[in-house]
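First up is the structure itself, then whatever we jot down about it.
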Number of protein chains: 2
Amino acid sequence: MARAGLTTERLTRAGAELADEVGFDQVTLSALARRFDVTVASLYSHLSNSRDLRTRIALLALDELAVRAADALAGRAGRDALAALGGVYRDYAREHPGRWSAAQLRLDPATAAASAGGRHAELTRAILRGYHLSEPDQTHAVRLLGSVFHGYVSLELGGGFSHSAPDTEQTWTRVIDALDALLRHWPAP
Amino acid sequence: MARAGLTTERLTRAGAELADEVGFDQVTLSALARRFDVTVASLYSHLSNSRDLRTRIALLALDELAVRAADALAGRAGRDALAALGGVYRDYAREHPGRWSAAQLRLDPATAAASAGGRHAELTRAILRGYHLSEPDQTHAVRLLGSVFHGYVSLELGGGFSHSAPDTEQTWTRVIDALDALLRHWPAP
DNA sequence: TGCGTTTGCCTAAAGGTTTTAGGAAACCTA
DNA sequence: TAGGTTTCCTAAAACCTTTAGGCAAACGCA
């Protein structure tokens, strides 16, 4: 019987596609096996279990996001950089809703430490250099920006903003304006 | 055989407790049946399926949150109200992580419209009356606050802020300060 | 209080997902 | 090309979901 050419890599990528198509929590080893026309047991040579698959998809998503973010931030600063970074998250979530969900997966500390999560914080910190905040305010601001981007994208994608004017596009630019203003006039304790 | 006294209500509440104990995505009809010492099939007299259970837990959580929020906001305004509302989300998520996850469940539009979601937006809007924002800025601000609270709580709960000083308690008060300052000096377009 | 009806919970069964164990064919390397 | 390793398979057990059909307890009404 001919080999299917399975690989942890290929399985992870296919899992990510599957997530975007049917939703991250519908990603199943069975569905993945079907996609490769292979029995489920065969997957266990490349993945230790179904949690392993989900973790790998999450790490893939975090990495893709970090790459896009680094790309988008090149040569930008200030409000421009803010809009670029937020736009990366927003666009990615719309293009790849399943991967976006995957990126929210709770990782155990060791895995999280090895993930691209730190790069995200670093990129955010890079933006803040343009706003001349010193520690610990810079860390506070990193966390605030992370919260806003994460929260906004999740709520928008989940339909939390629908059914009401004005449209989210306007809100988005105004939110960026507001963050820019806030960082330029960061309040003293 | 004696009846177990099952009710959609009781099952939903038990499901919520289960979610807090083992995680929302580990909530299963089997586990619920076990908890009541009843066969799984018996649950189908009170719940149409497992998705139904999850939806009900989500609605319960949204409602509990809205009740707590309304309570906390009574008699407060400005920064005080901001801190109170955010605190409600934060405390709820820590006390009831499973319910908090449930509250993030994507609801179909009809269910979402009948949920307590609208009350949350209304409560946020009430806070903003103290900041004298006019439409459409008020809506933008409602969405921003929703994003920050949702994002902050999710990231903090997911460990996104751990492994780094300063502690999240400090960041939290500085984030509230920042939001207060931002709303008092909301930038013109 | 007795009787019919409704309801609550049951057994049974089918179908899907996860995981492990063990075997055979394909691939690589010396 | 012989040996060892890797890849994929069959088989089987365990668990979750859902539907169908049945019996007895609880309810409602005369």
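Protein chains get the first letters and strands the later ones, always in sequence-line order, with residue 1 at the start of each. Excluded from the calculations below are hydrogen atoms, water molecules and symmetry mates; all remaining heavy atoms, backbone and side chain alike, are included. Note that this is a predicted model, so its numbers are computed, not measured.
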Send over the distance from [X] [atom1] to [N] [atom2], rounded to a whole Å.
| X | N | atom1 | atom2 | value |
| --- | --- | --- | --- | --- |
| B:N49 | D:dC16 | CG | C1' | 13 Å |
| B:Y44 | D:dT17 | OH | C1' | 4 Å |
| A:D25 | C:dT17 | CG | P | 14 Å |
| A:R54 | C:dT18 | CZ | C1' | 10 Å |
| A:L6 | C:dC27 | CG | C1' | 15 Å |
| B:R35 | D:dC16 | CZ | P | 14 Å |
| A:L29 | D:dA14 | CG | P | 20 Å |
| A:D37 | D:dT7 | CG | C1' | 15 Å |

Phosphate OP1/OP2 of [N] contacted by [X] side-chain N/O (<4.0 Å):
| X | N | result |
| --- | --- | --- |
| B:T28 | D:dT17 | yes |
| B:S42 | C:dC10 | yes |
| A:S50 | C:dT17 | no |
| B:H46 | C:dC9 | yes |

Of the options [options], whose atoms approach the side-chain atoms of [X] most closely?
| X | options | answer |
| --- | --- | --- |
| A:R34 | C:dT18, D:dA20, C:dT17 | C:dT17 |
| B:S30 | D:dC16, D:dT18, D:dC9 | D:dC16 |
| B:A41 | C:dT18, D:dC9, C:dA12 | C:dA12 |

**Asked** Does B:H96 reach the main-chain N or O of B:Y92 with its side chain, forming a donor-acceptor pair under 3.5 Å?
**Response** no

**Side chains of A:Q26 and A:L18 in contact at under 4.5 Å (non-hydrogen atoms)** = no

**Message:** Using the side-chain contact (heavy atoms from CB on, under 4.5 Å) definition, which of the options A:L62, A:T124, A:D63, A:L65 pairs with A:R119?
**Reply:** A:D63

Which part of the nucleic acid does [X] contact within heavy-atom distance under 4.0 Å: base, sugar-phosphate only, or nothing?
| X | answer |
| --- | --- |
| A:V38 | sugar-phosphate |
| B:S45 | base |
| B:R51 | nothing |
| B:T39 | base |

**Request:** Tell me, with the steps shown, if B:L43 and B:F36 meet side-chain contact (heavy atoms from CB on, under 4.5 Å).
**Result:** CA-CA 10 Å; B:L43 304 183; B:F36 282 93; 5.5 Å; no

**Inter-residue atom distance A:L157.CG - A:Y89.OH, 0.5 Å rounding** = 15.5 Å

